[in-house]
Amino acid sequence: MPRRIRRRLAEHSLLCFVQALKGSTVLVELFNDTSIRGVLDEADDGMNLTMSNVVCTSVDGEASSFPMLFVKATSVRMVHLSATLNVSRLTESHRKMLDEASMAYSRQPVPGSKSKLDLKAAQIISSDQDPTSSDAELPPPPPLPPPAPGST
């Protein structure tokens with residue numbers, strides 16, 4: 001699936017919501033009944049999660065803590081969140097950020113191509129600094145050094 005189509009699907013699915021939870025403390029339940037609580041650092045387009053300050057609790061009740069943990073998307077069953085989160089505000093702010101990034105990216109010039117504005121700026125700079133331009137006066141050439149004795 002092309003990346004552009006995949007991006008559109010991510011913007012119009014619950015993945016956008018999970019990505020908006022970045023920086024929040026979440027509880028992730030895995031298919032093997034292990035629960036992971038920590039701060040969500042990153043959720044990529046495939047819904048792979050990177051978390052920090054993680055406490056993993058197994059089915060037996062054994063708890064392990066890790067400074068950082070990567071969770072593959074295929075092992076995630078459910079993402080629980082706090083009841084105090086404002087879901088609509090988080091999602092809207094994340095979608096606005098994606099739209100602004102998309103607009104900024106689409107306005108960037110293609111490497112190797114020059115826009116009309118770039119060409120005009122180059123003309124102004126070259127006419128101000130280039131001594132070979134038609135309206136600039138050339139300085140006289142430096143005098144030649146005297147010949148070395150016995151070099152003739």
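All residue numbers refer to positions in the sequence shown, counting from 1. Small disclaimer: the values here were computed from a predicted structure and weren't measured.
- Between Asn48 and Lys72 there is a side-chain heavy-atom pair separated by less than 4.5 Å.
- Here the straight-line distance linking atom CE of Met51 with atom OG1 of Thr25 works out to 8.0 Å at 0.5 Å rounding.
- Taking OG1 from Thr57 and CD from Glu29, the interatomic distance works out to 11.5 Å, rounded to the nearest 0.5 Å.
- When hydrophobic clusters are built by joining Ile, Leu, Val, Met, Phe, Trp and Tyr residues whose side-chain heavy atoms come closer than 4.5 Å, directly or via intermediates, Val71 is grouped together with Met47.
- A distance of 8.0 Å separates OG in Ser75 from CG in Leu49, rounded to the nearest 0.5 Å.
- Note that CZ of Arg77 is 8.5 Å distant from CG of Leu30, once rounded to the nearest 0.5 Å.
- Applying the side-chain hydrogen bond (donor to acceptor under 3.5 Å, both in side chains) test to Thr34 and every residue at least two apart in sequence or in another chain returns Asn32.
- Listed by chain and residue number, nothing satisfies the salt bridge (Lys or Arg N to Asp or Glu O under 4.0 Å) test with Asp44 (two or more places apart in sequence, or in another chain).
- Between Ala73 and Gly46, the shortest heavy-atom contact is CB-O, 3.0 Å.
- Val59 and Asp33 get closest at one heavy-atom pair: CG2-CB, 3.4 Å.
- Taking hydrophobic clusters as Ile, Leu, Val, Met, Phe, Trp and Tyr residues chained together by side-chain heavy-atom distances below 4.5 Å, Leu21 does not share a cluster with Leu27.
- For Ser52, the side-chain hydrogen bond (donor to acceptor under 3.5 Å, both in side chains) test picks out Asp41, with sequence neighbours left out.
- In terms of hydrophobic clustering, with Ile, Leu, Val, Met, Phe, Trp and Tyr side chains grouped at heavy-atom distances under 4.5 Å, Val39 and Val76 are assigned to different clusters.
- Among all heavy-atom pairs drawn from Thr50 and Phe70, the shortest one is OG1-CD1, 3.7 Å.
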